[in-house]
Participant: 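This is the structure I want to talk about, given as structure tokens.
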Amino acid sequence: MPQYWLMKSEPDEVSIDDALAAPDATVAWTGVRNYQARNFMRDGMKVGDGVLFYHSSCPEPGIAGIARVASGIQPDPTQFDPKSPYYDAGAKKEDPRWLLVDVQALRKTRLLALPELRAKPELADLVILRKGNRLSITPVEPAHWKVIEKMLA
DNA sequence: GCCAACGTTGGC
DNA sequence: GCCAACGTTGGC
């Protein structure tokens, strides 16, 4: 049973175009620094799961592409890099605190911007649309995935 | 730049 | 374990 996820990326850092241009269209999802989001990766994600590639903190936030989970979890190397903005002085090599998965972009879609998503009553419970939600990785219910696929068809 | 809504930290 | 203060996220 495939699972579905929504993963936020700031297009200034990694946009859907950047991901598609990467080798194998695959990028390591570095920089997750929230335990709940990390636990979704650790406890819920499987290779092949569907991913909605979401652009956040940009002029037009919204779903910008479709991707898939392309690897199991691995330690996020940026936690050990003092020069990285994601450096975590408290993380130990033998017991990594932060994890990542590889994400393979499958295709760029037309931008499904927030107002369009909010206009769909069927998506009212989509986690990303709920008030105050800030999680960078959230599960997406199969029914929601279907609605979004239909919007993109 | 503002600010609401969270998450984290640290004193007690 | 509580909770105030602080930091961050992210849409607008």
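Order of the sequence lines fixes the chain letters, A, B, ..., with proteins taken first and strands second; residue numbering starts at 1 for each chain.
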Participant: Closer than 4.0 Å, any side-chain N/O of A:Lys8 to the OP1 or OP2 of C:dG10?
Facilitator: yes
Participant: Would you indicate whether A:Glu122, at its atom CD, is surrounded by more than 12 heavy atoms from other residues, nucleotides or ligands within a distance under 6.0 Å?
Facilitator: yes
Participant: Rounded to the Å, how far apart are A:Asp88 CG and C:dG7 P?
Facilitator: 17 Å
Participant: Can you tell me whether the side chain of A:Arg134 and the base of C:dT8 have a donor-acceptor pair closer than 3.5 Å?
Facilitator: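 Counting by modelled atom types and ignoring angles, a donor-acceptor contact under 3.5 Å is found here.
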Participant: Give the rounded distance in Å between these two atoms: CZ of A:Arg33 and P of C:dG7.
Facilitator: 19 Å
Participant: Starting from P on B:dT9, measure out to CG on A:Asn34 and report it in whole angstrom.
Facilitator: 12 Å
Participant: Within the side chain of A:Arg33, is there an N or O that forms a donor-acceptor pair under 3.5 Å with the backbone of A:Tyr86?
Facilitator: yes
Participant: Nearest whole Å is fine: how far is C:dC12 C1' from A:Leu117 CG?
Facilitator: 16 Å
Participant: Which listed nucleotide (B:dG7, C:dG10, C:dC12) is nearest to the side chain of A:Gln36?
Facilitator: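 Nearest listed nucleotide: B:dG7.
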Participant: Reckon A:Tyr54 has a side-chain N or O less than 4.0 Å from the OP1 or OP2 of C:dG11?
Facilitator: yes
Participant: Report yes if the distance between the aromatic ring centroids of A:Phe53 and A:Trp29 is under 6.0 Å, otherwise no.
Facilitator: yes
Participant: Distance check needed: C:dT9 C1' versus A:Ile137 CD1, whole Å only.
Facilitator: 15 Å
Participant: How close or far is atom P of C:dT9 from atom CD of A:Glu10, stated in whole angstroms?
Facilitator: 8 Å
Participant: What is the distance, to the nearest angstrom, from the CG atom on A:Leu129 to the P atom on B:dA5?
Facilitator: 16 Å
Participant: Can you tell me the distance, in whole Å, between the NZ atom of A:Lys131 and the C1' atom of C:dC12?
Facilitator: 15 Å
Participant: Checking the side chain of A:His55 only, and the main-chain atoms of A:Val14 only, is there a donor and an acceptor separated by less than 3.5 Å?
Facilitator: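 A pair under 3.5 Å: no.
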